[in-house]
Amino acid sequence: MDATNSNRPDDFIRDIVRQDIKTNKFGGRVHTRFPPEPNGYLHIGHAKAIWISFGIAEEFGGLYNLRFDDTDPTKEEQKYVDAIIQDIYWLGWDWGDRLYFASDYFEQMYEYAVQLIKKGKAYVDDLSADEIREYRGTLTEPGKPSPYRDRPIEENLDLFKRMKAGEFPDGSCVLRARIDMASPNMNMRDPVMYRILHATHPHTGAKWCIYPMYDWAHGLEDSIEGITHSLCSLEFEDHRPLYDWFLDELGIYHPQQIEFGRYSLTYTVMSKRILRPLVETGIVSGWDDPRMPTLSGMRRRGYTPEAIRIYCESSGVSRANTTIDLAFLEHCLREDLNSRAPRIMGVLRPLRLIIDNYPENQVEELDAVNNPEDPGAGTRKVPFSKVLYIEQDDFREVPPPKYYRLTPGREVRLRYAYLVTCVGVKKDEKTGEIIEVHCTYDPATRGGDAPDGRKVQSTLHWVSAAHALEAEARLYDKLFTRENPLDVEAGADYKDYLNPDSLEILKSCRVEPSLAKASAGSLYQFERTGYFCVDPDTSPEKLVFNRTVTLRDTWAKIQKQQK
RNA sequence: UGGGGAGUCGUCUAAUGGUAGGACAGCGGACUCUGGAUCCGUAAGUGAAGGUUCAACUCCUUCCUCCCCAGCCA
């Protein structure tokens, strides 16, 4: 069976869920969650994780929650909450009224912690952070118990209450689970449950000064919300015994944690550690720079939610950490854009073409197809006249092998217009640069077909000089030159692998007049060159386009081979 | 050198003891008013060695490689 392109994805998680439904494990329910920490922007890796959790719930007729895992006020901000909501909503998910905040459960978590203390399963530790680290041991040596580990329960209760009351400064003490300092799993060596942080929290303000750690909080959040399958990435596998331990000790509802492999993409990095300096040093224009792997960047670039969904569905789920080829993402993008993007003609690097035998002041309105993949998209009129612009690349005075565009003496088609034959060029006397191409046209070929049935080798796009709109095009390429920018050679830095050509700005493009009212976010295929979308920087005076992705370019491939 | 994971064409992913298949990328071709799209063809893989079996990607043993864990981050 072809699982890759199937409309019904299948993977080990879906197998488990299917089995759980069959055995009535959670009363037949499926309820998942996506738990972002609001400390940064979402990227394409998150989109995949969201697709896994939300998609599975959706497929099995279950529910999914959006929950902010906001347990560290020193890193979290409201602006991230807002941006994350916007991004996930843009992706097309609708969590209904199930928007939750872990911080709304702090009171309940506190009560649970008290229960654990009363069971003798948690204690307040006065050791400093450094001391705790020393006492924890190493990967090969067991840890040793803190001198405060056997504090009487009453004392722990009192101390914990006073921690909450704000009697102690940051870092003075913590609440720890009392498990096993000799466990080969470092996570089980009396993990910290609460630390003191006198900080303002974006959601709870100054209400709390003790904040729960991830391991303590996460299972409780899942339990409180009645999550059935708590899906997360592989690095949390070591934490599952702890997840289970807390829930079992408390004797409360126990969701099942399942881990999947992490996803990365070639030629990009997802890590904030790398991305942040790019933003801060101005190497990119912001978190929404169209070269960024952030969802806001991809949105500005012209990626569609549908393309991202195709990518998620088609790239599979497994327990292996994988690196997906950027070309595959782009393939999914083109697949979506090809079917939906209206075609227009736009010339990126204009070269004047003059039709010597065309009447001086004549203008014809020619019919052009809006989208050959979608007959319902109809046609439009495009003005044609004596002076046109064509692409510089579409003319060669001396053609290289296999070049079959315009060259002296050759006849080509101007798309939807006429067959024209090159009869000469005009060069700048000083530089020798070609500044004009002269052609003659065959009036009998109006619309682009010759009555005698003769064929031409190529069809060029064009715009009428007098009617064209000026536009700026921002051409994007991969941000890094290496498949894995983090795989740095000795003495090198990921910054050495930044692609110097990741952005090229063309300021004097010419596009057909039908684009006059194009609004920000609109997507087009510039025939023969690529998919473009209107950037928010666009204005009535100047259209600004982002190149989303090029068309597959066989000629570029041939040229590459010839070198 | 403690613990936990993962190894199938270059990449992603199927085959759950019975012909190692698909997708992307590559290569070649057909078609075309986008060198687009579409279609066809082609090369390429089970980390290694043993063992069990009529039969092993699948089960067993040993080994190798890669990833994660020593935050009062998530």
Determine whether a donor-acceptor pair (one donor, one acceptor, N or O, separation below 3.5 Å) exists between the side chain of A:Asp553 and the base of B:rG35. no

Does A:Arg195 make a side-chain N or O approach to OP1 or OP2 of B:rA74 shorter than 4.0 Å? yes

Check every strand shown and say whether A:Pro142 touches a base, only sugar-phosphate, or nothing at a heavy-atom separation below 4.0 Å. nothing

Counting only side-chain nitrogens and oxygens, does A:Thr71 get under 4.0 Å of the OP1 or OP2 atom of B:rA74? yes

Output row for RNA chain B, stems defined as at least 3 consecutive Watson-Crick or G-U pairs under 3.5 Å, is B:2-7 with B:64-69, B:10-13 with B:21-24, B:26-30 with B:38-42, B:47-51 with B:59-63

Can you see if the side chain of A:Gln457 gets near the phosphate of B:rU32 - specifically, an N or O under 4.0 Å from OP1 or OP2? no

N/O (side chain, A:Ser314) to phosphate O (OP1/OP2, B:rC24) under 4.0 Å: no

Check whether any side-chain N or O of A:Arg319 sits under 4.0 Å from OP1 or OP2 of B:rA6, and answer yes or no. yes

side-chain N/O A:Ser458 vs B:rG35 OP1/OP2, d < 4.0 Å: no

Residue pair A:Glu37 / A:Asn39, side-chain donor-acceptor N/O under 3.5 Å: yes

What integer number of Å spans the C1' atoms of B:rG22 and B:rC9? 12 Å

Should A:Lys557 be listed as having a side-chain N or O under 4.0 Å from OP1 or OP2 of B:rC27? yes

Using a cut-off of 4.0 Å on non-hydrogen atoms, how would the nucleic acid contact of A:Thr322 be classed: base, sugar-phosphate, or nothing? sugar-phosphate

Between A:Arg528 and B:rG35, does any side-chain N or O lie under 4.0 Å from OP1 or OP2? yes

Reported OG-to-CG distance for the pair A:Ser314 and A:Leu329, which is rounded to 0.5 angstrom: 10.5 Å

Measure from the side chain of A:Asn187, starting at C-beta and using heavy atoms only, and say which of B:rC72, B:rC24, B:rC69 lies closest. B:rC69

Rounded to the nearest Å, what distance is computed from the CZ atom of residue A:Arg262 to the C1' atom of nucleotide B:rC68? 10 Å

Would you say A:Arg552 places a side-chain N or O within less than 4.0 Å of OP1 or OP2 belonging to B:rU34? no

Would you mind reading off the distance between A:Asn338 atom CG and B:rA37 atom C1', rounded to a whole angstrom? 5 Å

Start with the C-alpha distance between A:Glu365 and A:Lys381, add both sets of side-chain angles, then the distance that settles salt bridge (Lys or Arg N to Asp or Glu O under 4.0 Å), and finish with yes or no. CA-CA 5 Å; A:Glu365 294 286 331; A:Lys381 299 286 188 188; over 6 Å; no

Kindly confirm whether the side-chain ring of A:Tyr214 is stacked on the base of B:rA74, judged by centres under 5.5 Å and planes under 30°. no

In whole angstrom, give me the gap between the C1' atoms of B:rU34 and B:rG47. 46 Å

Compare side-chain N and O positions of A:Arg136 against OP1 and OP2 of B:rC72 and report whether any pair is under 4.0 Å apart. yes

Students often get this wrong, so: under 4.0 angstrom with heavy atoms, is A:Met213 touching a base, only sugar-phosphate, or nothing? sugar-phosphate

What's A:His239 touching, base or sugar-phosphate or nothing? Going by heavy atoms closer than 4.0 Å. base

Write down the distance separating the P atoms in B:rA56 and B:rG18, rounded off to the nearest Å. 11 Å

